[in-house]
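First up is the structure itself, then whatever we jot down about it.
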Amino acid sequence: MKKEVGYTAVISVTITALLAGFLLSFVYSSFEKDILANNEKTVLNGVKAVIDGADELEGPLTENSAYPYYIGKKADGTVVGYAMLSSAGGYNGQNKILVGFDADVTKITAIVVTEQAETPGLGDKITEAAFRDQFKDKSSVISLSVVKGVKPEEAGESEIAAISGATISSTSVVTAVNSAKDEAINLFKN
C-alpha cells in the first residue's frame with residue numbers, strides 16, 4: 001500500500017520554509033551592523049591589552065601586510081609596540097588571534113583571542129589566561145610549537161603546552177601566532 005503526499009502538504013511546507021528563510025535574513029540584516037561594531041570593539045579592546053603603555057593607536061592598517069595591524073605610540077610619537085590580527089583554522093572553524101609585539105619586535109607581549117569557534121568547555125579554553133599567558137615574552141624570532149602532555153611551566157622556550165583534549169585548538173592558536181610573528185618581522189624589522 002503506497003501512501004501519497006498531497007499537494008497541499010508540499011505547498012504548506014514550502015511556504016513555511018520560505019517565510020522562515022525570509023525572517024532569518026531580515027533578523028540578520030537588522031543586527032549585522034551591531035555584530036560588526038561589536039567585533040571591532042572586541043579587537044580594539046584587545047589591541048589596548050596587547051600594546052601596553054600606548055597613548056595613541058594607529059590602525060587597522062593593511063599596507064604591505066597580509067594581516068591588519070596596529071601601531072601603539074606614546075604622545076611624543078615614539079613606538080611602544082605593535083599588534084597584528086591573524087587567523088588559523090581550528091576544530092570548528094577559524095580562530096582570530098591578536099598578537100602583540102614590543103617596539104623592537106623581538107618578543108611577544110601578549111595574545112588575545114578575538115573570535116573563536118571551538119567546543120565549549122574544551123577547545124574554548126584557548127581564551128583563558130592560563131593558556132594565553134604561555135605566549136607572553138616568547139621570542140618573535142623562533143617559531144613556536146605545540147607539545148602534548150606537559151604543563152605550561154614545563155614547556156621549553158619555543159614550546160606551548162597544548163590544552164588537554166584540545167590539541168587542534170591549541171595548534172590553531174600557535175599557527176596564527178607564528179604567521180603573525182613572521183609577518184610582523186617582515187613588516188616592522190625592514
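It should be emphasised that the depicted structure is a prediction, and the values quoted were computed from it without experimental measurement.
Nearest heavy atom pair, residue Lys96 against residue Ser87, reads CG-CB, 4.0 Å. Here the closest heavy-atom approach between residue Ala155 and residue Val147 is recorded as CB-CG2, 4.5 Å. The minimum heavy-atom distance between Ala88 and Ala176, with the atom names listed, is CB-N, 3.9 Å. Nearest approach of Thr114 to Thr42, heavy atoms of both residues: O-CG2, 3.8 Å. Shown here for Ser164 and Leu122, the closest heavy-atom pair between the two residues is O-CD1, 3.8 Å. For the residue pair Tyr67 and Leu85, the shortest heavy atom distance occurs at CB-O, 3.0 Å.
Hydrophobic clustering of Ile, Leu, Val, Met, Phe, Trp and Tyr side chains at less than 4.5 Å, counting indirect connections, keeps Leu57 apart from Ile111. Connection of Ile51 to Leu187 is not established within any shared hydrophobic cluster, with ILVMFWY side chains joined at heavy-atom distances below 4.5 Å, either directly or through further cluster members. Hydrophobic clustering of Ile, Leu, Val, Met, Phe, Trp and Tyr side chains at less than 4.5 Å, counting indirect connections, keeps Val47 apart from Ile71. Val146 and Ile126 fall within the same hydrophobic cluster, defined by Ile, Leu, Val, Met, Phe, Trp and Tyr side-chain heavy atoms under 4.5 Å apart, directly or through other members. The hydrophobic cluster containing Ile11 also contains Leu19, counting ILVMFWY residues as joined when their side-chain heavy atoms lie under 4.5 angstrom apart, directly or transitively.
Counting heavy atoms from C-beta outward, Val99 and Ile108 have side chains that approach closer than 4.5 Å. Looking at heavy atoms from C-beta onward, Ser86 lies out of side-chain contact with Val177 at the 4.5 angstrom threshold. Looking only at side-chain heavy atoms (C-beta outward), Phe101 and Thr106 stay at 4.5 Å or farther from each other.
Between the CE atom in Met84 and the CD1 atom in Ile97 there is a gap of 14.5 Å [rounded to 0.5 Å]. Rounding to the nearest 0.5 Å gives a distance of 7.0 Å between CD of Gln94 and OG of Ser172. Rounded to the nearest 0.5 Å, atoms CZ (Arg132) and CD1 (Ile160) are 12.5 Å apart. For the atom pair CZ (Phe131) and CG (Asp124), the distance works out to 12.0 Å, reported to the nearest 0.5 Å. Taken from OH in Tyr82 to CG in Asp102, the straight-line distance is 9.5 Å, to the nearest 0.5 Å.
A donor-acceptor pair is defined here as one N or O able to donate and one able to accept, closer than 3.5 Å; no such pair exists between the side chain of Asn178 and the backbone of Thr175. No side-chain donor-acceptor contact under 3.5 Å links Glu183 to the backbone of Ala180. Although no hydrogens or angles enter the test, the distance criterion places a donor-acceptor pair under 3.5 Å between the side chain of Asp76 and the main chain of Thr78. Although no hydrogens or angles enter the test, the distance criterion places a donor-acceptor pair under 3.5 Å between the side chain of Thr16 and the main chain of Ser12. Side chain of Ser170 to main chain of Ile163: a donor-acceptor pair is present (N/O by atom type, distance under 3.5 Å, no hydrogens or angles). Judged purely by atom type and a 3.5 angstrom limit, Lys138 uses its side chain to pair as donor or acceptor with the backbone of Glu157. Side-chain atoms of Asp182 never come within 3.5 Å of backbone atoms of Asn186 as a donor-acceptor pair (strictly under, hydrogens ignored). Judged by distance alone, the side chain of Thr109 and the main-chain N or O of Gly100 form a donor-acceptor pair under 3.5 Å. A donor-acceptor pair under 3.5 Å is absent between the side-chain atoms of Asp55 and the main chain of Lys74, judged by distance alone.
Classification of Lys107 and Asp137 as a salt-bridged pair holds, one side-chain N sitting under 4.0 Å from a carboxylate O.
Using cut-offs of 30° and 60° for the angle between ring planes, the Phe188 and Tyr69 rings count as perpendicular.
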(request) Go through Ile185 and Ser140 one step at a time and tell me if the side-chain contact (heavy atoms from CB on, under 4.5 Å) criterion holds. (result) CA-CA 8 Å; Ile185 288 171; Ser140 64; 4.2 Å; yes
(message) Please determine whether side-chain contact (heavy atoms from CB on, under 4.5 Å) holds for the pair Glu115 and Val43, giving the CA-CA distance in whole Å, both sets of side-chain angles, and the decisive distance to 0.1 Å.
(response) CA-CA 9 Å; Glu115 287 183 47; Val43 170; over 6 Å; no
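Taking a 4.5 Å side-chain heavy-atom cut-off between Ile, Leu, Val, Met, Phe, Trp and Tyr, the cluster of Phe22 contains only that residue.
A side chain to side chain donor-acceptor pair (under 3.5 Å) with Glu118 is found for exactly one of Thr127, Asn92, Asn95, namely Asn95.
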